[in-house]
Colleague: 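So that we are looking at the same thing, I have put the structure below in structure tokens.
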There are 2 protein chains.
Amino acid sequence: MVHQNIKVAVDGVVFGYKDNILSVLLIKRDIPPFQEYWALPGGLVKEEESLEAAVERELKEETNVTIDYLEQLYSFGEVGRDPRNRVISITYFGLVKPEHYTIKADTDANDVQWFDIQELPALAFDHTTIIEAAKERLKNKLTYEPIGFDLLATKFLFSDLEKLYTTILEKKIDRRNFRKKILGFGILEELDEKVSEGRGRPANLFKFNKKQYFMLKEKGFLFDIK
Amino acid sequence: MVHQNIKVAVDGVVFGYKDNILSVLLIKRDIPPFQEYWALPGGLVKEEESLEAAVERELKEETNVTIDYLEQLYSFGEVGRDPRNRVISITYFGLVKPEHYTIKADTDANDVQWFDIQELPALAFDHTTIIEAAKERLKNKLTYEPIGFDLLATKFLFSDLEKLYTTILEKKIDRRNFRKKILGFGILEELDEKVSEGRGRPANLFKFNKKQYFMLKEKGFLFDIK
DNA sequence: GCAAAAGTGTTAAACCTACACCCATGA
DNA sequence: TCATGGGTGTAGGTTTAACACTTTTGC
């Protein structure tokens, strides 16, 4: 086999959602290149681990955040993307529920932060491009797979779901039509629990019924939201 | 930087379409491992070329087929997928118009062949899995982007388009509804040319108007076929 | 004139869109 | 009682789905 010296890395774009704000998990680099810049969590793949295992390990090591949804995003391999060596990065796309949103104490909190997607700092390497691609994937996927629930608490208000769609898709949604449509899918369970946020009429809690969704999917049901 | 010895390869799943048959371009391996097995065209990325350049080069070298559409598919990196070394493969998805379908004479025709997707031989490595993934991508993409035209001749019959959809999506299509819908998009040009296939009423030729499509897309038009 | 493929319209049902008022609560 | 957010229905327009006969040609 011919000589080839290209390094293989994985990077994860992990989204969280809280208070109507979509955020990305970043770490501050403590070594060159791009020292002191914020970057996506990630690192080199070990020779004996799968790509998924690698990204899961890096996310655990660098952020200690529990990831609720993970899938491969895209591979970036332009020649100059790392100033030192040729490094290709296989990137992953992750979602975190609010239950797991907080940065745990045993990583240095100064070096791991959630950043509002609207207010990203200058990033290392081509990580801005990667986040753009992940944002696109999130927007698209939200309309044809029920992944929004992986950004919401297990029990959530209907208004939470609506606000999530409004925020991420960046467009207004008609409350009545949205509710009719989603409830019509029959994949939500209305709980016998109400939550009063202090003002206004208390709202009902809902739960995503994953089993039911997969059953319907088997039968040809398509989750689809304009 | 830590020691890491992983090789980076690219592989291409190139589809062609002729006589109602969807085919994939394969090459016969002449070295171990999997000597004499059929495999996807591909090979190691050079240190100074981009991933796209690599796959384009390999396709040119190994098959000499002109590719009309190319996009990244997925990266495969399971530890044991290559019995020799750790090799991750960044795979690409390609389409070839009938104009470019034939295998050119300056590659050894015995070693490069189009295979009916329904009758694939045993393949090297995890290439069967990769082709499955590409087939899925093709099916999905056909419904939301006008890529079918990259599998048809520049001038085509409406019935060709219909048969292409029937073949790839593996389901019947109502001729009248399909025609109404596609023509309603306004992205086809009806030519003043008829073709007689020997029997039956001669049919009109059509052309995909790519410029028009992109103009409409700018304005929010969505290509969408159930 | 017959076999073969191309071309064409209508109707009912489903779905989408727009739109505004009452309800339950806390302060 | 007022401010706040939650919950609900209807009507018009658009889109989809189902369906079959006529046209043009070669033999």
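For clarity, every value in this text was computed on a predicted model and none was experimentally measured. So that the names make sense, note that chain A is the first sequence line, chain B the second, and so on, each numbered from 1.
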Colleague: Hey, does the Lys NZ or Arg CZ of Arg81(A) hover above the aromatic six-ring of Phe76(A), less than 6.0 Å from the centre and inside 45° of the axis?
Modeller: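 No.
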Colleague: For atom CD of Glu78(A), is the number of surrounding heavy atoms from other residues, nucleotides or ligands below 6.0 Å larger than 12?
Modeller: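 Check fails, neighbour count at 12 or below.
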Colleague: Rounded to the nearest Å, what distance is computed from the CD1 atom of residue Ile182(A) to the C1' atom of nucleotide dG7(D)?
Modeller: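 For the pair Ile182(A) CD1 and dG7(D) C1', the rounded distance is 16 Å.
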Colleague: Shorter than 3.5 Å, N or O on both sides, protein versus nucleotides 10-12 of chain C: list them out with atom names.
Modeller:
residue: dT10(C); atom: O4; partner: Lys180(B); partner atom: NZ; Å: 2.9

Colleague: Please list, in numerical order, the residues of residues 138-174 of chain A that have a heavy atom closer than 4.0 Å to any atom of DNA chain D.
Modeller: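 Residues of residues 138-174 of chain A that come under 4.0 Å of DNA chain D are, in numerical order, Ser159(A).
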Colleague: Determine whether Phe178(A) and Tyr165(A) satisfy the following criterion, ring pair (Phe, Tyr, Trp, His ring centres under 6.0 Å), listing intermediate values before the conclusion.
Modeller: CA-CA 10 Å; Phe178(A) 185 73; Tyr165(A) 272 84; 5.5 Å; yes
Colleague: Should Ile103(B) and Leu25(B) be marked as a side chain to side chain contact (heavy atoms under 4.5 Å, CB included) after you check the CA-CA gap, both sets of side-chain angles, and the distance that decides it?
Modeller: CA-CA 9 Å; Ile103(B) 309 293; Leu25(B) 195 54; 3.6 Å; yes
Colleague: Of all the heavy-atom pairs spanning Ile88(A) and Ile90(B), show the shortest one and how long it is.
Modeller: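 That closest heavy-atom pairing would be CD1-CD1, 3.4 Å.
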Colleague: Tell me: CZ of Phe178(A) to P of dG9(D), nearest whole Å?
Modeller: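 Rounded to whole Å, this separation is 19 Å.
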Colleague: Rounded to whole Å, please give me the gap between NZ in Lys194(B) and P in dA4(C).
Modeller: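 Checked: the NZ to P distance equals 22 Å.
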Colleague: Given Trp38(B), which of Phe125(B), Phe115(B), Trp114(B) fulfils the ring pair (Phe, Tyr, Trp, His ring centres under 6.0 Å) condition?
Modeller: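 Among Phe125(B), Phe115(B), Trp114(B), the one meeting ring pair (Phe, Tyr, Trp, His ring centres under 6.0 Å) with Trp38(B) is Phe115(B).
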Colleague: For Glu62(B) and Val112(B), run side chain to side chain contact (heavy atoms under 4.5 Å, CB included): C-alpha distance rounded to whole Å, both residues' side-chain angles, the deciding distance at 0.1 Å, then the answer.
Modeller: CA-CA 8 Å; Glu62(B) 296 184 343; Val112(B) 186; 6.0 Å; no
Colleague: Regarding Arg199(B), tell me which of base, sugar-phosphate or nothing describes its non-hydrogen contacts under 4.0 Å with the strands shown.
Modeller: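 Arg199(B): backbone/sugar contact only, no base atoms under 4.0 Å.
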Colleague: How many Å lie between CG on Asn204(A) and P on dC23(C), as a whole number?
Modeller: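 Value for this atom pair: 18 Å.
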Colleague: Looking at dA20(C), does its base get a donor-acceptor pair with the side chain of Arg176(A) below 3.5 Å?
Modeller: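 It does, because a donor-acceptor pair links the side chain of Arg176(A) to the base of dA20(C) below 3.5 Å.
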Colleague: Could you please spell out the steps behind the side chain to side chain contact (heavy atoms under 4.5 Å, CB included) verdict for Ile187(B) and Leu216(B)?
Modeller: CA-CA 9 Å; Ile187(B) 56 177; Leu216(B) 289 170; 3.8 Å; yes
Colleague: Send over the distance from Arg179(B) CZ to dA5(C) P, rounded to a whole Å.
Modeller: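 That distance rounds to 16 Å.
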Colleague: Tell me the interatomic distance from Arg201(A), atom CZ, to dT25(C), atom C1', rounded to whole angstroms.
Modeller: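 Nearest whole value for this atom pair: 9 Å.
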Colleague: Using the ring of each side chain (for Trp, its six-membered ring), is Phe208(A) parallel, tilted or perpendicular to Phe149(A), with breaks at 30° and 60°?
Modeller: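 Judged by the thresholds at 30° and 60°, the geometry between Phe208(A) and Phe149(A) is parallel.
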Colleague: Can you check the Glu197(B) CD to dT23(D) P distance for me, whole Å?
Modeller: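 After rounding, the gap between these two atoms is 23 Å.
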Colleague: Between P on dT23(D) and CZ on Arg175(B), what's the gap in Å once rounded to a whole number?
Modeller: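 Going from Arg175(B) (CZ) to dT23(D) (P), I get 15 Å.
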Colleague: Measure across Phe185(B) and Asp224(B) and return the closest heavy-atom pair with its distance rounded to 0.1 Å.
Modeller: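 Taking Phe185(B) first and Asp224(B) second, the nearest heavy atoms are CZ-O, 3.6 Å.
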Colleague: Please tabulate, one pair per line, each protein N/O and nucleotide N/O from nucleotides 14-16 of chain C that are separated by under 3.5 Å, including the distance.
Modeller:
residue: dC16(C); atom: OP1; partner: Lys181(A); partner atom: NZ; Å: 3.3

Colleague: Tell me the closest heavy-atom pair linking Lys139(B) and Ile168(B), and the distance in Å.
Modeller: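 Closest heavy-atom pair between Lys139(B) and Ile168(B): CE-O, 3.4 Å.
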